[in-house]
Amino acid sequence: QLQLVESGGGLVQPGGSLRLSCAISEFTSHYYSISWFRQAPGKQREGVACITSSGGTTNYADSVKGRFTISMDNAKNTVYLQMNSLKREDTAVYYCAAEDQIYYSCLGFVSMYTYWGQGTRVTVSS
């Protein structure tokens with residue numbers, strides 16, 4: 001059973017930065033899609049960034065494009081989400097999700113992903 005563990009959340013001031021990590025256990029597939037989702041209070045869970053094993057293709061939601069960067073360290077089986085220029089509206093619980101197939105468009109719906117972490121909370125406030 002694939003397990004995902006997120007870390008790195010916390011409280012940060014507007015304009016600040018955070019780096020989230022998603023450690024993936026027993027991930028032996030060569031073909032995968034991994035996505036970061038977030039869910040703000042009272043809102044639906046939305047995809048913000050994703051990466052696939054096919055040449056490291058990445059996609060971003062328009063709301064985070066240019067500010068967030070997703071990357072993967074294959075040696076550590078860890079996916080990162082570097083978040084810069086954070087805004088109050090980035091406040092949410094951030095989830096890492098994985099699926100053992102390559103999606104042409106990996107930034108999609110919750111139902112596309114089978115494996116989920118427990119989430120890490122990010123609060124952007126002064």
Side-chain angles (χ1 to χ4, degrees):
Q1 180 74 16
L2 196 66
Q3 293 184 332
L4 289 73
V5 179
E6 302 99 332
S7 60
L11 173 65
V12 63
Q13 292 185 343
S17 298
L18 279 177
R19 189 178 79 159
L20 306 183
S21 300
C22 174
I24 305 171
S25 69
E26 302 179 15
F27 199 40
T28 59
S29 175
H30 294 291
Y31 306 100
Y32 56 81
S33 298
I34 299 171
S35 187
W36 284 97
F37 285 78
R38 69 184 180 187
Q39 188 165 18
K43 294 188 176 181
Q44 290 188 332
R45 196 169 296 188
E46 62 172 353
V48 296
C50 63
I51 187 168
T52 69
S53 59
S54 58
T57 301
T58 58
N59 283 302
Y60 299 91
D62 288 342
S63 59
V64 306
K65 206 169 290 184
R67 301 187 297 121
F68 290 11
T69 303
I70 188 171
S71 62
M72 180 158 187
D73 185 333
N74 289 299
K76 296 181 179 180
N77 266 7
T78 300
V79 174
Y80 302 99
L81 185 67
Q82 178 67 45
M83 307 187 295
N84 299 328
S85 302
L86 282 162
K87 304 176 181 180
R88 287 183 174 82
E89 50 264 42
D90 295 318
T91 295
V93 177
Y94 284 72
Y95 299 89
C96 179
E99 185 63 33
D100 51 0
Q101 63 173 298
I102 295 174
Y103 289 119
Y104 177 75
S105 178
C106 59
L107 193 65
F109 303 102
V110 168
S111 58
M112 291 167 55
Y113 291 89
T114 300
Y115 306 101
W116 290 82
Q118 81 289 351
T120 185
R121 185 174 301 275
V122 172
T123 302
V124 184
S125 175
S126 54

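In this chain, numbering begins with 1 at the start of the sequence shown.
The distance from atom CZ of Arg121 to atom OG1 of Thr91, rounded to the nearest 0.5 Å, is 9.5 Å. Here Trp36 contributes atom CH2 and Met83 contributes atom CE; the two are 8.0 Å apart, rounded to the nearest 0.5 Å. Between the SG atom of Cys106 and the CD1 atom of Ile51 there is a distance of 8.5 Å, given to the nearest 0.5 Å. Taking CG from Asn59 and NZ from Lys65, the interatomic distance works out to 7.5 Å, rounded to the nearest 0.5 Å. To the nearest 0.5 Å, the span separating OG1 on Thr123 from CG on Asp90 amounts to 11.0 Å. Atoms CD1 and SG, from Ile70 and Cys50 in turn, are 6.5 Å apart once rounded to the nearest 0.5 Å.
In this structure, Arg45 fails the cation-pi test against Phe37, since its NZ or CZ atom is not both closer than 6.0 Å to the six-membered ring centre and inside 45 degrees of the ring normal.
The side-chain heavy atoms of Lys76 and Ser21, taken from C-beta on, include no pair separated by under 4.5 Å. Using a 4.5 Å heavy-atom cutoff, the side chains of Asn77 and Ser25 are not in contact. Side chains of Tyr113 and Ile34 form no contact here, defined as non-hydrogen atoms less than 4.5 Å apart. The shortest distance between side-chain heavy atoms of Phe68 and Ser63 does not fall below 4.5 Å. Inter-residue side-chain proximity for Arg38 and Val64 is flagged as met; some heavy-atom pair is nearer than 4.5 Å. A heavy-atom distance below 4.5 Å is found between the side chains of Leu20 and Val122. With contacts defined as side-chain heavy-atom distances shorter than 4.5 Å, the pair Glu6/Gln118 qualifies.
Of all heavy-atom pairs spanning Ser33 and Thr52, the tightest one is OG-CG2, 3.6 Å. Summarising the geometry of Ala40 relative to Ala92, their closest heavy-atom pair is N-CB, 3.8 Å, with the distance given to 0.1 Å. Nearest heavy-atom pair across Ala23 and Thr78 is CA-OG1, 4.0 Å. The two residues Arg67 and Ser85 have their closest heavy-atom pair at NH1-O, 2.9 Å.
The same ILVMFWY cluster, assembled from side-chain heavy atoms under 4.5 Å apart, contains both Tyr115 and Tyr94. Both Leu2 and Tyr32 are assigned to one and the same hydrophobic cluster, defined by single-linkage of ILVMFWY side chains at heavy-atom distances under 4.5 Å. Trp116 and Val5 fall into different hydrophobic clusters, defined by Ile, Leu, Val, Met, Phe, Trp and Tyr side-chain heavy atoms under 4.5 Å apart, directly or through other members.
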Determine, stepwise, if the pair Tyr95 / Leu4 fulfils side chain to side chain contact (heavy atoms under 4.5 Å, CB included). CA-CA 9 Å; Tyr95 299 89; Leu4 289 73; over 6 Å; no
Go through it in stages, so that I can follow the logic: the residues are Val79 and Leu81, the test is side chain to side chain contact (heavy atoms under 4.5 Å, CB included), and I'd like the CA-CA distance, side-chain angles, deciding distance and then a yes or no. CA-CA 7 Å; Val79 174; Leu81 185 67; over 6 Å; no
Using side chain to side chain contact (heavy atoms under 4.5 Å, CB included), reason through Tyr60 and Thr69 one step at a time and then give a plain yes or no. CA-CA 8 Å; Tyr60 299 91; Thr69 303; 3.8 Å; yes
CA sep, side-chain torsions, deciding dist, call: Ser35, Leu107, side chain to side chain contact (heavy atoms under 4.5 Å, CB included): CA-CA 7 Å; Ser35 187; Leu107 193 65; 4.3 Å; yes
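No more than 12 heavy atoms of other residues, nucleotides or ligands shown are found within 6.0 angstrom of CD on Gln44.
Under 3.5 Å, the side chains of Glu99 and Thr114 contain a donor-acceptor pair of N or O atoms.
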